[in-house]
Protein chains: 2
Amino acid sequence: MKPIDSRIRTSLAASSRATISDVAREAGVSKTSVSRFLNGEQSTLSPGLRRRIDSAIQQLGYQPSQLARSLKGGRTRLIGFVVADIENPYSVAVLHGAEAACREQGYTLVVCNTGGDRALERRTLAALTSYNVEGLILNTAGWPEGLPPDVTASDVPIVLIDRRLPGHAFDFVGLDNAAMTGLAVQHLTDRGFGHLGFFAQNLAGVSARLERAAAFCAAAARTEGCVGEVHELGDADPAAVDGALKAFLAAGRGRPVAVLAASGLVTLRIVQSAARLRLRIPEDFGLVGFDELEWSALVPPGITTIEQPTKDIGASAVRGLLRRLAGDASPAQDVIFLGRIVERGSSRRPECPGTAISPADERAARP
Amino acid sequence: MKPIDSRIRTSLAASSRATISDVAREAGVSKTSVSRFLNGEQSTLSPGLRRRIDSAIQQLGYQPSQLARSLKGGRTRLIGFVVADIENPYSVAVLHGAEAACREQGYTLVVCNTGGDRALERRTLAALTSYNVEGLILNTAGWPEGLPPDVTASDVPIVLIDRRLPGHAFDFVGLDNAAMTGLAVQHLTDRGFGHLGFFAQNLAGVSARLERAAAFCAAAARTEGCVGEVHELGDADPAAVDGALKAFLAAGRGRPVAVLAASGLVTLRIVQSAARLRLRIPEDFGLVGFDELEWSALVPPGITTIEQPTKDIGASAVRGLLRRLAGDASPAQDVIFLGRIVERGSSRRPECPGTAISPADERAARP
DNA sequence: TGGAAAGATGGAACCGGTACCATGCCGGCT
DNA sequence: AGCCGGCATGGTACCGGTTCCATCTTTCCA
């Protein structure tokens, strides 16, 4: 009779999940003992009890509800990752790093994409905090007028990635944009490019782009005989990109010109535009782009990129969150990483003899 | 005195979140009324009550806890998306489609990456169900010996994406691999390629790859004078790719050879290998790859790809889930999409006069 | 004018866990 | 021998909502 009984209960459990009370009943013990068993048997339950509980759990296929568990204790072991553009390989790479770090620490990463929509970002943050995530990693769409107060009201620790929120004391992890932009400008001027253009989508509200643009202007200004222009491409219109690129090249008036692209997406747009306009790189213009891409080495003559330590950035964000969760209440902290310029053909001046031919291809062939 | 009182309570709320009881107390009503107010005031609360509750909510900055809400009712409005490889652009694109569909329906998509790790996939599924997600979209790492029973025990509806689980009656959304592979083979043989190679990572357990490989062999076999080879590249070793590619080309014995790459990642590896080995496409070998990539048009001579309707696949998966949630208990259903071959230079036979020169470049320049 | 129906509101149980405190039992000490 | 303390275990309140049911008005009709 016992086996039949438990078999019935098992099938019930399959259709509506066994609870801790079911297990307690099946094992003939109290909920408390089952709970103790589940959490780490500090009170050293007697071997007999332990055995009975264990077999009851097996029998019922019991899995504790994290939902109910979190309601009392607050520990959800959940970290939210809110990303502005999931289609940006940079974001995916950071995400990957964060996810690995979370897994290592027993946390689960919950990823939500906002597509750069501020209203959605707000709703998403509210939703995640209402699920009691213990921390938030935020790659914000940018709030030029400041983040609405309801978001900051909650006391979940937040770490910003790549983009700051001026006026808010959140931890931040990102690239040393000033230094890397300076290096990129120097890289180009060293190679004889005298007329430089910084191309971005819209600058407004996105700190990484603003910092890069500012550093670009500063670096161009302090380099003798170097002219720097900033172009905003806006969203998605190929004709607009073509127009901006042509205008920029014309403004060079025969001097060697080069583009510094503010992101992987802009690099893609520029390369597409060059193909459409039958412009050669680096003969017609040089190119350096932020963010290393899987195809950087494959598109002739190879695109010089500024590679970011994306895995480290993701891992560092998680570390920062865990530090806060452990009780660290020190002032907001910035973690700034340096990147690396990966030199390829697109920033090599064709005038320098011998460099534009086969060695360039060799470099380009390296993955 | 009232304002001071409420200000104190406000600051308390900021540090530990207001609850429905706080709101009820502040408004001088019962929890029940507040709950009614929050859910849709079916019982038509009196205007006075409504006003008081509303202002109490504003005052306290109250946000209901989804956690607690879900505990009773079960409606978490959460859908889990478990993806085997978040770095695969195909997965991201599907994810994007699913996410848009979820948002439209008021659901939140929770994304978890398993990196192709079966044990982790299992843990992730358990974790998500223990958070009471209402449905699961699963891009499985593949279980050659079948999914462990504890995963299937839960009664959350599951939709598989791209990869089937033989022996399980789950809904499925994916590509018509047989048809698209057949078209690709015909595309290549039409253009004079007689010796074909299907290149994949490891076939084991991944239905999409297996179906493509099988369809490839079948198509090659029924095409007169066509030879088909299947190559497994394994993971990540460039030398192995180079070796396999060279061996394959040698086996062609001078006949026009072409590679069919089973995924975007394989396409990348093949193109990288070709660059390393100084092989020209399509002169030394033709190439068609599954999955459209942002750089397909940019790498000379342009890579011919099999484009999948990724957004539709993602949206369809969500639709399927919602259908199940609405109570549809009909047998498991397959939704199979057709793709589209995007022809570019990599599958154009150089022998055909006039096609390998500038028109090819023009095609390649199109984004 | 009385009573029933309809409407507004509150009380309390419940969801599935956690955690504090109580209880019963046993052994060791004075 | 009696008391105290530690250990194993159980009882129960509580987390923050939802929901059923009870209660109190109000209204309308006989």
Side-chain angles (χ1 to χ4, degrees), chain A residues 12-13 16-54 56-57 60-78 126-127 129-132 134 154, chain B residues 12-13 16-54 56-57 60-78 126-127 129-132 134 154:
Chain A
L12 273 175
S16 82
R17 288 195 73 165
T19 73
I20 198 171
S21 302
D22 296 333
V23 175
R25 198 180 321 121
E26 175 79 17
V29 302
S30 72
K31 282 167 51 174
T32 309
S33 296
V34 180
S35 175
R36 278 202 262 265
F37 177 88
L38 291 171
N39 292 323
E41 28 244 277
Q42 328 86 329
S43 304
T44 49
L45 303 162
S46 72
L49 254 197
R50 215 175 308 171
R51 201 160 357 91
R52 270 150 65 206
I53 296 177
D54 194 36
I57 287 179
L60 299 174
Y62 169 69
Q63 288 186 333
S65 155
Q66 293 301 335
L67 221 71
R69 181 174 282 190
S70 314
L71 185 55
K72 187 67 186 276
R75 319 265 312 133
T76 54
R77 295 277 165 184
L78 244 35
T129 56
S130 93
Y131 282 114
N132 279 20
E134 295 184 31
S154 133
Chain B
L12 272 175
S16 83
R17 290 196 70 166
T19 73
I20 198 171
S21 303
D22 296 333
V23 175
R25 199 181 319 124
E26 175 79 16
V29 302
S30 72
K31 284 167 49 174
T32 309
S33 297
V34 180
S35 175
R36 280 201 261 263
F37 178 88
L38 292 171
N39 292 324
E41 27 243 277
Q42 328 87 327
S43 305
T44 49
L45 302 163
S46 73
L49 254 199
R50 216 175 309 172
R51 202 161 355 92
R52 270 150 64 207
I53 296 176
D54 193 36
I57 287 178
L60 299 175
Y62 169 69
Q63 287 187 333
S65 156
Q66 293 301 337
L67 221 71
R69 181 173 283 189
S70 314
L71 184 55
K72 187 67 185 274
R75 318 267 313 134
T76 53
R77 295 276 165 187
L78 245 33
T129 56
S130 91
Y131 283 113
N132 279 20
E134 295 184 31
S154 135

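If you're wondering where the values come from, they're calculated on a predicted model, not measured in any experiment. By convention in this document, chain letters (A, B, ...) are assigned in the order of the sequence lines, proteins followed by strands, and residues within each chain are numbered from 1.
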With a non-hydrogen cut-off below 4.0 angstrom, is A:Phe37 in contact with a base, only sugar-phosphate, or nothing? nothing
Roughly, in whole Å, what's the span from NZ in B:Lys72 to C1' in D:dC20? 8 Å
Under a 3.5 Å distance rule, please check whether A:Arg17 uses its side chain to pair with a backbone N or O of A:Gln63 as donor and acceptor. yes
Distance check needed: D:dC15 C1' versus B:Leu71 CG, whole Å only. 9 Å
When B:Pro64 and A:Pro47 are each assigned the nearest nucleotide of DNA chain D, the 5'-most assignment goes to A:Pro47
A:Ile20 CD1 to C:dC14 P, straight-line distance once rounded to whole Å: 18 Å
Of the options A:Leu38, A:Ile53, A:Asp22, which is the one that meets A:Tyr62 in a side-chain contact (heavy atoms from CB on, under 4.5 Å)? A:Leu38
Rounded to the nearest angstrom, tell me the gap between atom CZ in B:Arg52 and atom C1' in C:dA8. 12 Å
Side-chain-base donor-acceptor pair under 3.5 Å for A:Lys31 and C:dG17: yes
Rounded distance (Å) that lies between atom P of C:dG17 and atom CG of B:Leu67: 13 Å
Short question: side chain of A:Tyr131, backbone of B:Thr76 - any donor-acceptor pair under 3.5 Å? yes
Considering only nitrogen or oxygen atoms on both sides, find all protein atoms under 3.5 Å from nucleotides 20-24 of chain C and state each distance.
none

Interatomic distance where CZ belongs to B:Arg25 and P belongs to D:dG17 [whole Å]: 12 Å
Is A:Asp54 salt-bridged to A:Arg51, going by a charged N under 4.0 Å from an acidic O? no
Taking 4.0 Å as the cut-off, does a side-chain nitrogen or oxygen of B:Tyr131 come that near to OP1 or OP2 on C:dG17? no
Let me know the distance between CG of A:Leu38 and P of C:dT18, rounded to the nearest Å. 6 Å
May I ask you to evaluate whether B:Ser65 reaches the phosphate of D:dG16, defined as a side-chain N or O under 4.0 Å from OP1 or OP2? no
Does the pair A:Arg69 and A:Asn39 meet the rule for a side-chain contact (heavy atoms from CB on, under 4.5 Å), with working shown? CA-CA 11 Å; A:Arg69 181 174 282 190; A:Asn39 292 323; 3.9 Å; yes
Specify the separation, in whole Å, of atom CD1 of B:Ile57 and atom P of D:dG16. 16 Å
Give a yes or no on whether the backbone of B:Gln66 and the side-chain of B:Ser70 come within a donor-acceptor separation of less than 3.5 Å. yes
For A:Ser33, report the nucleic acid contact type (base, sugar-phosphate, nothing); a contact means any heavy atom under 4.0 Å. sugar-phosphate
DNA chain C: A:Arg69 or B:Gly28, which has the more 5' nearest nucleotide? B:Gly28
What does A:Val29 touch in the nucleic acid at a heavy-atom separation under 4.0 angstrom: a base, only the sugar-phosphate, or nothing? sugar-phosphate
Salt bridge (Lys or Arg N to Asp or Glu O under 4.0 Å) partners for B:Arg50, two or more places apart: B:Glu41
Can you see if the side chain of A:Ser30 gets near the phosphate of D:dG11 - specifically, an N or O under 4.0 Å from OP1 or OP2? no
